[in-house]
Protein chains: 2
Amino acid sequence: MDTVKTVKPSAGPIRRETLHHGAVAELRAMILSGELRPGSRVPEVQLCEQLGVSRTPLREALRVLAAEGLVELRPHRGAVVTPIDPREIAAVFEVMEALEALAGDLACRRGTVEEFAELDRLHDQLHAQFDAGDRLAYFLTNRQIHARIVAMARNPSLDATYAGFASKILRARSLANYDEERWRDSLNEHEGVMAAFRQRDAAVAGSLLAAHSRQTAEAVLAALNGCGAELQT
Amino acid sequence: MDTVKTVKPSAGPIRRETLHHGAVAELRAMILSGELRPGSRVPEVQLCEQLGVSRTPLREALRVLAAEGLVELRPHRGAVVTPIDPREIAAVFEVMEALEALAGDLACRRGTVEEFAELDRLHDQLHAQFDAGDRLAYFLTNRQIHARIVAMARNPSLDATYAGFASKILRARSLANYDEERWRDSLNEHEGVMAAFRQRDAAVAGSLLAAHSRQTAEAVLAALNGCGAELQT
DNA sequence: TCGTGCCAGATTGTATACAATATGGCGATT
DNA sequence: AATCGCCATATTGTATACAATCTGGCACGA
């Protein structure tokens, strides 16, 4: 029992992650949470000491985030957190609408009974959170529901693509809280979607989800344009 | 006029590319062309001398390609060119169908007269190449047409996403040439799409493009399953 | 006063050296 | 003879050093 090194004594979950992988996760979280503001420059050395890694893994992480579109790299001029451009968000929503429709359709066809039940449970929770006026909880449950629907579609490519688009929308959304009326409408749209799911009506579920996405887009874009240009920097 | 260095005398477009950027382009081309076979390992040092760069930019390039899904990284075990999994290709095609529909719809609404004319011209060219039996030329024109349609949609996010999916499909397609009958059907489907475009019927154009994608998917997947598992390694 | 060219500082891009981990083969033990 | 454990080798992960490029400001001249 003295030279057993293939198994660690359970002190920490084997730390199989590489540094740049972890850096990607942390940076992404920082960007999505708004800790790194859109349009702000990202000095490498500063982030290095902040994350406790060297420049090499950090730069690899920046390349990955650039491929995801969360940062932009300009040769010899450093990286900037991708600014939130209302036109780009509009474009993202356009694609998102198609993805939601596809996800809703496929989820309806491929979801298990357990998954539909889980969806029902989450929807009830959503409703309760709306009644309680808990915006944050509602928001989180809402994301969870949509993620579940996408998962039910059994399509890894759709899942990955959806996640990428959702992250871009999330950034815009955190800057623009929409109003009470839209909130109520949103819940009603969810009701409709759930009704379609309960009837296993794939076509309707898909188109209702698409419509829901379109309505959300309008609200978010209106809020973005309302806030104006100070979001850019 | 002796020390003007801000403007180069037009000898080459200012060479603004970084090494890792170029490496990404070259590696992607090598993967898409099949020069790097699916499933094959990718030793870093070998690629370094092959591309004439150091490990640092090469590794950054590999991270980018991993984010695109063209290679897979396993910690301490190197990178492999993502194997072609028929199930994954099927999933990709499912999303692609939705993207084609969206692209067709938007292109119809937003294309300029000049772009529609250009599309007509390309379609005539496609037809001629079919009559001449020139598969390669047909294939290239086909890709060009679809790219043009996506461009007409005026949606950068759609464009980028479409390109990513198209590249994955391209790899599978190069392994599986479909038969004469499918070729003829494909041309006929293009005829239908063009007819819808000429009438500026967005809904029909979108659904026909989606159907075209679905048919293509069936043919490619059939060919993939026909070839069998030797494609994996 | 304004514009231009140049330079110092800072930051990024790349190369290389070192550390950590996986792989394959060898020998000891049962 | 077969299996298990260990070690040498190769490959990847990370850190650091050096080169190239950009930025901002200043002096010079028109």
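Given the structure is predicted, the values throughout are model-derived calculations rather than measurements. Per chain, numbering begins at 1; letters A, B, ... match sequence-line order. Only this structure's heavy atoms are used, side chains among them; waters, hydrogens and symmetry mates stay out.
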* Asked: When you check every protein heavy atom under 4.0 Å of nucleotides 12-19 of chain C, what one-letter string (B, S, -) results, 5' to 3'?
  -> BBBBBB--
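The pair E60(B)-R63(B) does not meet the salt-bridge criterion, since no charged nitrogen lies less than 4.0 angstrom from a carboxylate oxygen. Salt bridge R214(B)/E94(B): absent, no basic N to carboxylate O contact under 4.0 Å.
Between the side chains of E97(B) and S213(B), no donor N or O sits under 3.5 Å from an acceptor N or O.
Around atom CZ of R110(A), more than 12 heavy atoms belonging to other residues, nucleotides or ligands sit under 6.0 Å away. Within 6.0 Å of CZ in R41(B) there are more than 12 heavy atoms belonging to other residues, nucleotides or ligands.
As rounded to whole Å, 14 Å separates atom P of dT11(D) from atom CG of L58(B).
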